[in-house]
Amino acid sequence: MDREKAMNIPSLAGAILKIADTVAAIPIKLYKRNGDKNEVVEDERTVLLNEDTGDTLDGYQFKHALIMDYFLGKGGYAYINKNGRKIESLHYVKESNISFQENTDVIFKDYRIMVQGNTYDPEDWIRLLRNTEDGIRGKSIIDENKESLSVAYTALKFEKNLVSKGGNKKGFLKSERRLKKEQMDELKAAWRELHSNNGENVVILNEGMDFKEASNTSVEMQLNENKKTNGIEACKIVGTPPAMIEGKATERDEKIFIKYEINNVLKALETAINRAMLLETEKGEYYFEADTDDLNRSDIEKRYAAYGTGIEKGFLQVDEVRKKEKMPQLGVEFIKLGLNDGLLDPVANKVYVLNTNKTIDLNKLRKGEELGELNLENNPSSLTDTSMQSGETAGQSGTEEPEKNL
């Protein structure tokens, strides 16, 4: 069993291509940790990963090729072409062209990558490895499932053999008298012509000769059932629900596919990219991560319902949603808190209470300039009561003098 034979198994090829196509379409972004916030950073490396690698492959083809080698070979390998500290281009290399020079120390492992007689440092490579035990090479699904894949491939060849013979079954020719060699040769030639499926499909049997069809084997009788079973087993090997390949996937199937397969592959890809493409001074502060928002973009009803929940609960702003949907920004920086609480402007640090048409400046509130020595912990309702008396009316300038006796 090799890569070419494995990809001739329809269910296996469909499952792997489904994963590779999905992962390749997901953009990789660079983020910077800034306290509790993670900011997206514009960087030339994301262009190399998502658009133009500087090689013959574009960003989609580049990630697709890595994922295919991840499953079917010893790993996905890409050379990072650097000019000093700057990455100029990314070059995918087919895993069959990769070999290694490695030491024999099982603790302090070390190795070099060889391509066409040239030697390279591993640090100059993106190395996407599946089920690796040494960090040098991974294990393909072919190596781990040779027997089951061989059964599926053999069944495929058996079906091809039946089709090539036009579905004619094996059997025996019975003659009441002894045939001469010339007669036997002529009969064999006619029988071969019958089973070639591209010539005459009639054989004339003379008197005293009869054909007895051989009984179907259990494999022949259950061919379709075996094919379905082999397809399901092939999908299990990759981790893809069979319904995803058949076009009958339910919402649950899609969630399983994304959660247990796509996310795992993406995490492996992110880790490999972070290790290879970040400078040592950047690690810990910067990180590459897949933007999986587009995975749910196809279901507009659920997406908009999720946005509505986010806005209603106050952890999303309207402009944040419009940015995700690639719509023009409105410049609305309010967070909806509800009529009983009001609207919070996080930039100006003010609360606008809709019920009373009042504005409270939280900066002055903290300093005690507006409400004196008000203790909000002991009297949490005081903020609402006092705001109706002392807040700045929306659309007015200045503030009213607060009452002294609270």
Side-chain angles (χ1 to χ4, degrees), residues 1-28 48-80 89-100 113 115-116 122 125-132 135-146 148-150 152-153 156 231 233-242 244-245 257-258 260-273 275-277 288 290 292 294-295:
M1 178 55 57
D2 55 26
R3 179 170 180 160
E4 183 178 355
K5 292 179 180 178
M7 288 301 289
N8 271 302
I9 303 173
S11 53
L12 181 71
I16 295 176
L17 287 172
K18 187 75 172 178
I19 296 172
D21 291 342
T22 303
V23 173
I26 298 175
I28 305 293
L48 296 175
L49 288 167
N50 300 314
E51 300 176 26
D52 187 357
T53 63
D55 192 19
T56 55
L57 301 182
D58 60 31
Y60 179 93
Q61 297 163 347
F62 172 78
K63 287 179 283 188
H64 192 280
L66 288 178
I67 300 303
M68 295 298 289
D69 283 355
Y70 173 78
F71 282 104
L72 298 172
K74 55 180 171 282
Y77 296 86
Y79 179 70
I80 304 173
S89 56
L90 299 174
H91 302 264
Y92 160 77
V93 179
K94 193 172 182 179
E95 55 87 23
S96 58
N97 293 322
I98 299 286
S99 58
F100 309 99
I113 294 177
V115 180
Q116 295 180 328
W125 291 77
I126 295 175
R127 294 155 286 161
L128 182 62
L129 308 179
R130 177 185 178 276
N131 287 358
T132 182
I136 301 174
R137 60 180 68 78
K139 294 180 181 179
S140 70
I141 60 172
I142 300 174
D143 291 336
E144 293 180 336
N145 302 275
K146 285 185 177 180
S148 57
L149 293 178
S150 179
Y153 181 75
L156 186 67
E233 292 302 315
C235 288
K236 286 181 180 179
I237 290 174
V238 182
T240 301
M244 296 292 296
I245 310 302
F257 178 65
I258 293 173
Y260 295 107
E261 189 56 40
I262 298 301
N263 284 344
N264 290 341
V265 176
L266 283 175
K267 185 57 64 176
L269 180 61
E270 291 167 1
T271 303
I273 292 174
R275 183 179 186 183
M277 295 187 65
F288 290 96
T292 57
D294 287 344
L295 282 178

Look up atom [atom1] in [X] and atom [atom2] in [Y], then write down how far apart they are to the nearest 0.5 Å.
X: Ile126; Y: His91; atom1: CD1; atom2: NE2; result: 11.0 Å
X: Asp69; Y: Leu129; atom1: CG; atom2: CG; result: 11.0 Å
X: Thr53; Y: Tyr92; atom1: OG1; atom2: OH; result: 12.5 Å
X: Asp52; Y: Phe62; atom1: CG; atom2: CZ; result: 12.0 Å
X: Thr240; Y: Ile245; atom1: OG1; atom2: CD1; result: 5.5 Å
X: Leu72; Y: Ile141; atom1: CG; atom2: CD1; result: 5.0 Å

Looking at residues at least two apart in the chain, or sitting in another chain, which of them share a ring pair (Phe, Tyr, Trp, His ring centres under 6.0 Å) with Phe257? none
Would you find a donor on one side and an acceptor on the other, under 3.5 Å apart, between the side chain of [X] and the backbone of [Y]?
X: Asn97; Y: Val115; answer: no
X: Lys74; Y: Ile98; answer: yes
X: Ser140; Y: Phe71; answer: no
X: Asp55; Y: Leu57; answer: no
X: Glu95; Y: Tyr77; answer: no

Do [X] and [Y] have side chains that approach each other closer than 4.5 Å (heavy atoms only, starting at C-beta)?
X: Thr132; Y: Arg127; answer: no
X: Arg130; Y: Val265; answer: no
X: Ile67; Y: Leu128; answer: yes
X: Leu269; Y: Tyr70; answer: no

Which atom of [X] lies closest to which atom of [Y], heavy atoms considered:
X: Pro242; Y: Cys235; answer: CA-SG, 3.9 Å
X: Gly239; Y: Pro241; answer: O-CD, 3.9 Å
X: Lys146; Y: Asp143; answer: CE-OD1, 3.8 Å

Would you indicate whether [X], at its atom [atom1], is surrounded by more than 12 heavy atoms from other residues, nucleotides or ligands within a distance under 6.0 Å?
X: Arg3; atom1: CZ; result: yes
X: Lys18; atom1: NZ; result: no
X: Phe100; atom1: CZ; result: yes

Passes side-chain contact (heavy atoms from CB on, under 4.5 Å), Ile26 versus Ile262? Steps please. CA-CA 10 Å; Ile26 298 175; Ile262 298 301; 4.2 Å; yes
Review item, side-chain donor-acceptor pairs of residues 4-13, under 3.5 Å, at least two apart:
{"from": "Asn8", "atom 1": "ND2", "to": "Glu4", "atom 2": "O", "distance (Å)": "3.0"}

Using the side-chain contact (heavy atoms from CB on, under 4.5 Å) rule, take Leu90 and Met277 through it: C-alpha gap first, then chi angles, then the decisive distance, then the call. CA-CA 10 Å; Leu90 299 174; Met277 295 187 65; 4.2 Å; yes
Full working for side-chain contact (heavy atoms from CB on, under 4.5 Å) between Met244 and Glu261: CA-CA 12 Å; Met244 296 292 296; Glu261 189 56 40; over 6 Å; no
side-chain contact (heavy atoms from CB on, under 4.5 Å) evaluation trace for Leu149 with Ile237: CA-CA 9 Å; Leu149 293 178; Ile237 290 174; 3.8 Å; yes
